[in-house]
Protein chains: 2
Amino acid sequence: MDLFYQHGIHAIGINEVLKSSGIAKKTLYNHFESKEALVLATLEQRHHLFISWLSHCLENAQTNEQLAEQLFSALDQWINNKVAVLGDFRGCYFINTAAEFGELTNPINQLCQRHKLAVKAILKQALNDADDAAVERLFLLSEGIISTAYTCHDTDVAKRALKN
Amino acid sequence: MDLFYQHGIHAIGINEVLKSSGIAKKTLYNHFESKEALVLATLEQRHHLFISWLSHCLENAQTNEQLAEQLFSALDQWINNKVAVLGDFRGCYFINTAAEFGELTNPINQLCQRHKLAVKAILKQALNDADDAAVERLFLLSEGIISTAYTCHDTDVAKRALKN
DNA sequence: CGCAAGGTAGACAAGTTGGTCTACTTTTTG
DNA sequence: CAAAAAGTAGACCAACTTGTCTACCTTGCG
C-alpha cells in the first residue's frame, strides 16, 4: 500500500513490492492473481481506512459551519502528517491512481470513482441529507484542498480554508 | 502531448510516441535529450495553451460573481470537450502528471506546481488583486471541479457550480 | 550541381516489466 | 509422526523500457 501510494502504481514494480515486503513471488501470486488484483486490494483497503477515519472526524456536526470546520481541520491534520493510519501525505491515493488509469472500463478507475462517491455520501449524511448545495460546495472545496496541498506543496491551504 | 495527456506518462513508451508521430527515433533524440525532456516540453506547451485559454475566458470580469460565472462556464466547456485546443478532457494534465512524479526535486513536479501557481495568479489578477480570500475560494472550487469531473466522471459538476 | 545537414528505418544494448515454475524448506493439521 | 499445505529463493521467459548507433535517403542551400 505505502509503496504504491508514495510512488504511484506504474513506478513500482512487483519486485520492489516483494523486496519491501519480504515475501516470495510465488506467495504473492498465490494470494493475488495479478498486479492489478494487488492494486485493487490496496485501493479497497485504503478506501475503508479513509472512510472510517473521515466518518469519525465528522461525527456530531450540527451545522454547515461546524461540519466545514471539522472537515477542514481533519484535512489539515492529514496534510501535515498527523494522521498515522493515512501515512505520509502524498495527495489522494484515488485521484492519483485514477490519473494513471483513465479508462472507464478499468476496474481500478471504477474503484476510484466509487471512493469519491462514498466520500460525498458521508458529507451528505453528516448533514442529515439536508442541504444538497452545501454538501456539493463542501465536497468541491475539500477536493480542491487535497489537490492543492499536493500539487502546490501547500501545507497551509486547509488552515486558510478554516479561517474563511 | 495528446498521448501523454490521454494515457499518462508512464503508460506511454517512446516507441508509441514515434509510431504515432511518424518520426524516427534518432530525430526525436536529436531534438530532446531524453523522455523527461520531451515530457517537460509537453508540459510547457500545455501550460502556455491553458494559461492563454483561461486568461481569455476570464477577461473583463468586474465582480467576484462575474468571475465565478465565467470561470465555471469555461470549465464546463472544457469538461464537455467544447475547447478544441485543450483536447478531449482527461482531467488536469498537471495534476495527473504530478500524481506520477511526486518527488519535490523532480523538474516535472516543479513545473506542475508552477502551473498551478500561475493559474492562481491569473485569478488574482482578474480580480485586480482585490480579494485574496475570494481568489483562494475560487481556486479551490475550480480545482475541485476539475478533479471531480475527472475522477467521478461527473460532466455536470461545473454547471451545478454555476447555479450555486 | 554538389555537399552538408538532417531526416528515416530499425537493429541493438542493457535493463526492467509482470508472471511462471522448479526445487527446497517450514508450518499446519489430522 | 506423517502428510499436506503453504512458504522461500530465485532462475527463467517473453515482452517491453529508454537510449545509441549504423546505414541509407532527402532535403535545402551556396
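As a basis for the values below, the full set of heavy atoms in this structure was taken, side chains included, without hydrogen atoms, waters or symmetry mates. To find a chain, count down the sequence lines: A is the first, B the second, and so on, and within it residues start at 1.
Here the side chains of A/Leu71 and A/Leu123 are in contact, with some heavy-atom distance below 4.5 Å. Put simply, the side chain of A/Glu136 does not reach to within 4.5 Å of the side chain of A/Asp132, judged on heavy atoms.
Listed nucleotides: D/dT8, D/dG19, C/dT20. Nearest to the side chain of A/Tyr29: C/dT20. The side chain of A/Ala24 has D/dA9 as its nearest neighbour among C/dG19, D/dT17, D/dA9. Distances from the side chain of B/Lys25 to the nucleotides C/dG18, C/dA11, D/dT17 place C/dA11 closest.
Using cut-offs of 30° and 60° on the angle between ring planes, the pair A/Phe94 and A/His47 is perpendicular.
B/Arg90 forms no cation-pi arrangement with B/Tyr150, by the criterion of a distance under 6.0 Å to the ring centre and an angle within 45° of the ring axis.
For A/His31, a side-chain nitrogen or oxygen approaches OP1 or OP2 of D/dG7 to under 4.0 Å. A/Thr27 has a side-chain polar atom (N or O) that falls below the 4.0 Å cut-off from OP1 or OP2 of D/dT8. Put simply, B/Asn30 has a side-chain N or O that comes within less than 4.0 Å of OP1 or OP2 on C/dG7.
A distance below 6.0 Å separates the ring centres of A/His10 and A/Phe101.
The residue among B/Ile9 and A/Leu28 whose nearest nucleotide of DNA chain D is located toward the 5' end is A/Leu28.
For the segment residues 32-42 of chain A, the set of residues with a heavy atom within less than 4.0 Å of an atom of DNA chain C comprises A/Ser34, A/Lys35, in numerical order.
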For this session: I would like to know whether B/Tyr5 and B/Thr97 meet side chain to side chain donor-acceptor pair (under 3.5 Å); could you show each step before the answer?
Result: CA-CA 8 Å; B/Tyr5 175 49; B/Thr97 303; over 6 Å; no
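At the heavy-atom level, A/Leu18 lies nowhere under 4.0 Å from the strands shown. Contacts of A/His10 with the nucleic acid, taken as non-hydrogen atoms under 4.0 Å apart, are absent.
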